[in-house]
Number of protein chains: 6
Amino acid sequence: MNAAVSDALKIEEYRIQDEPYYEPLGDEVAVFEAAWRNQLPVLLKGPTGCGKTRFMEYMSWRLDRPMITVSCHDDLTASDLVGRYLVKGGETVWVDGPLTRAVRAGSLCYLDEIVEARKDTTVVIHPLCDDRRLLPIDKLGEVVPAPPEFSLTVSYNPGYQSVLKDMKQSTRQRFVALEFGYPPAELEARVVMKESGVDQAVADRLVQIGHMTRNLKDNGLDEGASTRLLVNAGKLMRTSVPEASACHSAIAEALTDDPDMLAAIRELIASVY
Amino acid sequence: MNAAVSDALKIEEYRIQDEPYYEPLGDEVAVFEAAWRNQLPVLLKGPTGCGKTRFMEYMSWRLDRPMITVSCHDDLTASDLVGRYLVKGGETVWVDGPLTRAVRAGSLCYLDEIVEARKDTTVVIHPLCDDRRLLPIDKLGEVVPAPPEFSLTVSYNPGYQSVLKDMKQSTRQRFVALEFGYPPAELEARVVMKESGVDQAVADRLVQIGHMTRNLKDNGLDEGASTRLLVNAGKLMRTSVPEASACHSAIAEALTDDPDMLAAIRELIASVY
Amino acid sequence: MNAAVSDALKIEEYRIQDEPYYEPLGDEVAVFEAAWRNQLPVLLKGPTGCGKTRFMEYMSWRLDRPMITVSCHDDLTASDLVGRYLVKGGETVWVDGPLTRAVRAGSLCYLDEIVEARKDTTVVIHPLCDDRRLLPIDKLGEVVPAPPEFSLTVSYNPGYQSVLKDMKQSTRQRFVALEFGYPPAELEARVVMKESGVDQAVADRLVQIGHMTRNLKDNGLDEGASTRLLVNAGKLMRTSVPEASACHSAIAEALTDDPDMLAAIRELIASVY
Amino acid sequence: MNAAVSDALKIEEYRIQDEPYYEPLGDEVAVFEAAWRNQLPVLLKGPTGCGKTRFMEYMSWRLDRPMITVSCHDDLTASDLVGRYLVKGGETVWVDGPLTRAVRAGSLCYLDEIVEARKDTTVVIHPLCDDRRLLPIDKLGEVVPAPPEFSLTVSYNPGYQSVLKDMKQSTRQRFVALEFGYPPAELEARVVMKESGVDQAVADRLVQIGHMTRNLKDNGLDEGASTRLLVNAGKLMRTSVPEASACHSAIAEALTDDPDMLAAIRELIASVY
Amino acid sequence: MNAAVSDALKIEEYRIQDEPYYEPLGDEVAVFEAAWRNQLPVLLKGPTGCGKTRFMEYMSWRLDRPMITVSCHDDLTASDLVGRYLVKGGETVWVDGPLTRAVRAGSLCYLDEIVEARKDTTVVIHPLCDDRRLLPIDKLGEVVPAPPEFSLTVSYNPGYQSVLKDMKQSTRQRFVALEFGYPPAELEARVVMKESGVDQAVADRLVQIGHMTRNLKDNGLDEGASTRLLVNAGKLMRTSVPEASACHSAIAEALTDDPDMLAAIRELIASVY
Amino acid sequence: MNAAVSDALKIEEYRIQDEPYYEPLGDEVAVFEAAWRNQLPVLLKGPTGCGKTRFMEYMSWRLDRPMITVSCHDDLTASDLVGRYLVKGGETVWVDGPLTRAVRAGSLCYLDEIVEARKDTTVVIHPLCDDRRLLPIDKLGEVVPAPPEFSLTVSYNPGYQSVLKDMKQSTRQRFVALEFGYPPAELEARVVMKESGVDQAVADRLVQIGHMTRNLKDNGLDEGASTRLLVNAGKLMRTSVPEASACHSAIAEALTDDPDMLAAIRELIASVY
């Protein structure tokens with residue numbers, strides 16, 4: 001089967017069919033939509049598990065565009081994003097990478113934790129992130145112009161930034177940037193109830209524990225509990241694991257290995273029950 | 001033979017036929033089962049040889065799912081987990097890696113000492129560890145949804161964690177975590193008897209020696225003797241190696257090379273006999 | 001299709017059809033043109049987003065030569081620039097890289113942030129940058145003489161220079177060098193109006209904010225806001241994002257992650273409104 | 001010829017035909033045999049040239065099993081041990097590595113200086129070193145069970161251990177460990193006579209010199225003279241090199257380059273003659 | 001076409017047809033010629049742009065031998081110099097590298113900035129640089145004797161030497177070495193006039209500026225202006241760029257990015273006009 | 001043509017036809033010959049250019065064995081020594097490396113500066129350097145026994161030894177070691193006369209200069225002038241370069257780049273003339 005055709009067919013798999021459950025935190029929906037209409041790329045900043053991926057799914061549904069997500073990592077290269085030649089049946093076949101598929105299909109492309117990727121990703125991101133809106137595919141000797149519907153979004157967690165894994169100013173000064181944080185207590189409890197099925201009282205206690213752990217950040221914890229961990233704890237409770245045990249496994253042990261911190265978090269949990 | 005078919009056939013090799021001997025330490029069986037039913041990934045923490053692998057074999061038998069184990073290491077890449085193209089008879093054939101085989105077969109996948117692996121494993125683990133439950137196979141241009149029976153479990157030994165080999169919060173805050181430790185004395189003696197065939201008195205002495213070495217942790221030993229070492233010593237004794245000699249080879253020399261520590265452990269062993 | 005022919009056809013894609021909007025800062029147009037007539041390579045220095053790429057587009061239009069741009073990065077090798085063999089249909093085909101295409105077509109070649117590239121790029125740049133004007137293609141056993149119309153331009157941001165990413169004297173002492181900076185206020189406001197569509201008052205405020213951030217350079221900011229960021233903010237405003245919110249997302253969050261700096265820039269922004 | 005067949009034929013080359021000359025130091029023969037009968041892997045520790053390899057040859061002969069030896073090094077990978085695909089005559093052929101050949105043939109496998117190898121060797125050694133006794137060959141999608149006759153032995157020199165080249169506790173706590181040292185004087189003289197053909201008086205002098213150099217360990221020498229060096233000196237003497245000259249070339253210059261140490265050892269040698 | 005034949009034809013491209021303009025500094029022409037007649041390799045030392053390449057072109061013309069130049073760099077390997085196999089039309093074809101072509105053709109080979117190259121270049125240079133005069137081509141299993149006309153010349157800039165990029169004594173003690181420096185003022189002015197077309201007064205001013213910058217070496221400048229930069233400035237002046245502006249772009253900005261140094265050099269330039 | 005046949009034919013190229021000019025320094029010829037007869041490997045130690053290679057050529061002629069030399073370097077791997085598969089005409093052909101050729105032909109193999117090579121060379125050297133006398137070729141699944149005539153010699157310069165480039169005790173304690181140094185004055189003058197053609201008076205002055213530079217070792221020079229440099233200077237003098245100029249180019253500039261050291265050596269040279 002022709003590679004281009006097969007890709008065109010498959011892109012529909014990346015369309016979000018049902019409205020994802022998303023509770024807005026501020027004007028992020030309006031800014032993202034304005035950036036998209038002006039064909040400006042967007043940078044999402046914030047701690048893990050605070051809803052950046054969910055926000056992207058929501059925008060993908062709202063703007064009715066398919067979304068292709070790539071979790072970046074230390075070894076991700078430009079070729080992983082753009083594509084490469086593969087030998088099949090004695091014939092060399094070009095296979096588009098996820099970024100190229102996104103550009104061709106005019107979909108949203110979400111590069112999660114971009115700073116983790118190899119630096120050669122810069123060469124393909126830069127011309128997509130300014131007036132040119134072009135994806136150069138050197139190995140094909142081809143330059144693919146991005147249609148107006150295409151949008152590039154990247155994310156990272158400023159808490160993890162190091163000298164080695166920094167975003168160059170020449171890169172970041174191309175993006176409209178949105179900061180994400182933990183939702184306010186009331187909203188977060190609503191999310192926990194909706195996602196795990198626990199009742200209000202249980203959700204309130206989980207959110208209270210979440211806040212306590214976030215206050216420990218930089219006092220022994222690298223990061224507080226994300227909303228996702230609170231949801232995980234709720235799910236265990238709903239499957240008959242006792243509340244303290246669920247909090248211990250889904251929150252405390254997931255956050256840290258340090259015996260003193262584990263004891264401290266156990267006490268926090270006990271103080272709520 | 002067709003690769004997919006051959007894989008389907010082979011997965012049955014990974015099913016645990018007989019109930020493995022496992023002595024529970026706490027509520028780990030219940031929590032694991034609840035996590036599995038909620039399709040949450042699990043993180044096992046604890047020192048070497050304390051029964052994490054045995055626990056996984058037990059859960060695999062109990063939930064009646066095949067289990068595929070991968071011992072991670074410095075050079076393990078995402079391709080090692082997901083699969084790669086191989087040239088066979090002039091034709092390029094895709095060969096599924098162990099993680100892909102596990103996802104397709106709805107089996108348990110156990111990544112032992114995950115923090116040792118290359119960081120590009122993150123890209124395949126992340127979307128499997130949240131709501132999406134997807135395994136992206138970029139080289140096939142394919143996204144494989146995980147069936148509800150599939151479950152990912154990873155392990156590591158917090159004692160070995162270093163700055164370079166740390167688990168990112170964005171990864172660990174996806175897991176339900178269970179801590180494993182050495183079993184209580186009575187239970188451990190039962191395990192030693194059952195596995196090595198020695199009698200109660202011998203097993204009690206071995207457990208006593210085990211406890212003594214564990215007290216030396218951070219006082220010259222990196223780690224105390226695991227239950228496995230006690231079993232090894234028991235086995236040597238059952239094959240007519242004298243008790244002190246068996247303890248020396250199977251426990252002392254296996255734990256350390258330091259002449260002073262070796263002398264100290266020899267004295268500990270002598271004090272028991 | 002024959003590779004050389006296909007390249008010859010495609011080079012026209014790289015010709016700039018319409019006069020780009022460019023406001024000269026000094027004698028850079030005259031010096032560049034003199035260097036080009038003397039077949040001397042040019043080095044552009046300056047901070048990100050101050051118009052180096054736009055200047056190149058303008059010169060490309062003015063001299064009526066196609067321009068091929070390469071964004072350099074840590075992993076860019078000489079082969080990426082010169083070309084490589086690819087296996088197609090069982091036959092090995094040579095594919096010219098962007099620098100070779102530029103030399104053959106007598107076009108301008110612009111290597112953006114050259115110091116990021118691998119050092120083996122030196123071997124192909126040096127003989128192009130002195131009297132010889134030759135591009136050696138070792139893998140073809142061929143030496144391509146550059147036609148008089150060909151010109152090599154490289155850029156970098158002196159603010160990013162490090163010991164590891166320095167330009168060797170034996171390389172830089174081949175170039176005529178031009179320094180770029182931020183345009184004067186009046187000119188910059190004109191650019192912001194023209195590019196984003198905001199009116200004079202809005203543009204003046206944006207330029208004022210830009211200057212304020214540039215004064216923070218080396219006092220907590222790695223770099224001040226480029227003209228591009230001011231334009232981005234203007235575009236968001238034109239799509240109904242409130243001015244302060246647009247400045248926050250397009251300027252403050254794009255510049256830094258530091259909470260204190262973000263607060264300081266918010267205050268700067270508030271002081272203007 | 002079929003690869004599996006050719007391997008089966010060749011394994012007989014690895015059988016030790018004649019009883020190697022070996023003088024036991026303690027209970028190492030009994031412990032090794034008990035470990036082998038219990039299918040426990042063995043770790044040999046000790047300085048270079050003290051007879052670890054000879055011991056393995058002796059056990060291989062005594063247990064009547066072929067032995068495959070691999071000298072590990074910085075670049076030895078799991079593939080070097082397990083095997084790899086090679087392209088032959090347009091067809092891809094799998095070639096078993098030495099470890100796989102040993103497992104299939106139920107022979108002894110001796111990995112000399114295991115800590116030098118790449119860490120991915122862990123992935124193949126671990127499942128061979130616990131109850132599972134399995135060799136996973138991911139590239140074949142095959143898991144080879146080790147027959148009871150198979151035994152894995154590894155060695156290293158604790159004197160060389162560094163932080164980078166340490167054996168993880170999760171690895172070493174799988175082995176029965178045996179420490180080797182230099183043989184007592186009388187026994188060592190017997191070995192020197194037997195191996196080099198010198199008479200008792202010459203052998204005694206060589207052993208005396210050996211002891212002197214071992215006392216210099218950590219006082220300027222990294223390690224004392226091994227029995228092998230004493231044998232080398234004896235062989236040179238038997239081929240008409242004068243005794244002092246033979247000791248100088250075969251012992252002193254082989255041990256160190258330091259002029260002061262060389263002078264000191266020369267004096268030691270002179271004091272014996 | 002046969003590779004050897006095509007190489008033989010092409011070598012004539014490397015012959016210098018017309019006498020290059022070269023002003024001798026001392027006895028370098030006589031020493032080089034004596035070294036060449038004795039088949040001794042030559043090492044050229046000196047700062048960038050002081051005429052080493054031009055000297056080689058002159059000697060190539062004078063001795064009537066073709067010259068092959070290789071600009072060395074961090075990633076240049078022995079294979080880049082010697083040659084490699086390439087797959088063409090299903091057949092493996094050996095392609096000689098530049099050094100091999102030079103040896104076979106009895107031409108001069110000039111390895112510019114040899115210390116930048118990978119260390120495996122040593123293996124091919126050493127046997128060419130002593131009595132043996134052999135080029136081993138391991139991949140062909142062939143040893144090519146160098147004809148008497150062949151000569152190897154290497155260069156480097158002692159100012160750049162670092163611990164990592166040092167020439168081993170075992171390498172450098174094979175060469176006859178010649179040091180190059182900046183020409184005396186009168187001679188340099190003659191070169192500037194000849195190469196750029198400016199008149200005596202302009203050339204004198206340029207040489208004066210060159211000397212001033214060279215006095216700044218190690219006082220803020222890594223290196224002073226080479227003769228090449230003075231020629232570049234002259235060329236710009238001849239194309240109607242004002243003298244101060246030409247000096248600024250071709251000399252000051254080419255030498256440094258440091259604002260203080262740039263101001264100092266501007267003052268130097270102003271003092272001359 | 002069959003590879004094995006072609007290799008057999010070519011090995012004769014490596015036989016030394018005429019007695020090389022060699023002046024013995026001590027008992028090195030007798031010790032080497034005794035080591036060769038006992039099939040013991042030899043380690044040559046000493047500074048550059050002191051005649052180690054010439055000694056090997058002499059022994060090769062004296063023992064009437066061909067000699068294969070490999071100059072080791074940072075990137076030399078075991079495969080470079082042992083051999084590799086190459087694809088030729090669609091068929092995979094094994095090509096023996098130089099070590100394998102030497103073993104098969106029973107010739108001398110000389111690995112120059114062995115400590116520079118990659119560590120995986122250990123795996124092939126070790127079993128060749130003890131009783132086993134075997135060359136394992138894993139990729140062929142073959143073990144080649146070395147015939148009695150085969151001999152392995154390695155060299156290194158103790159002055160260059162660093163922590164990273166050290167020879168492990170487990171390696172060096174396999175060799176008979178010979179130390180080389182500069183020849184006594186009278187002998188060295190004889191060598192210089194013989195090799196360069198200068199008369200006794202000139203040779204004496206050159207040797208005097210050589211001694212002076214050797215006294216500067218560790219006082220600013222990494223190493224003194226080798227005999228080879230003195231010969232080079234003599235050769236230049238014989239081709240009408242003045243003596244002081246020849247000494248400057250062939251000795252001073254070849255030894256160092258340091259201006260103070262160069263001035264000092266110039267004075268030494270002047271003091272002799």
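Letters go in sequence order (proteins before strands), and every chain restarts at 1.
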Self-check item: Structural part of A/Ala225 lying under 4.5 Å from a heavy atom of chain B
Solution: backbone
Quiz item: Distance from A/Leu43 atom CG to A/Glu179 atom CD, nearest 0.5 Å?
Solution: 10.0 Å
Quiz item: What is the distance from atom CZ of B/Arg174 to atom CG of A/Leu229, rounded to the nearest 0.5 Å?
Solution: 10.5 Å
Practice problem: Report the option among A/His248, A/Glu57, A/Arg228 that has the most heavy-atom pairs separated by less than 4.5 Å from atoms of chain B. | Solution: A/Arg228
Practice problem: Identify which of A/Leu76, A/Val241, A/Leu236, A/Val70 forms the greatest number of heavy-atom pairs closer than 4.5 Å to chain B. | Solution: A/Leu236
Quiz item: Does any heavy atom of chain B fall under 4.5 Å from the side chain of A/Ile251, the backbone, both, or neither of them?
Solution: neither
Quiz item: CZ/B/Arg172 to CG/A/Leu255 distance, rounded to the nearest 0.5 angstrom?
Solution: 7.5 Å
Quiz prompt | Between A/Lys235, A/Arg238, A/Glu195, the one whose heavy-atom pairs under 4.5 Å with chain B are most numerous | solution = A/Lys235
Quiz item: When rounded to the nearest 0.5 angstrom, what is the spacing between CG in A/Asn215 and CG in A/Leu221?
Solution: 10.5 Å
Exercise. Sort A/Ser240 into side chain, backbone, both or neither according to what part of it lies under 4.5 angstrom from a heavy atom of chain B.
Key: neither
Quiz prompt | A/Lys52 to A/Phe180 six-membered ring, cation-pi geometry met (6.0 Å, 45°) | solution = no
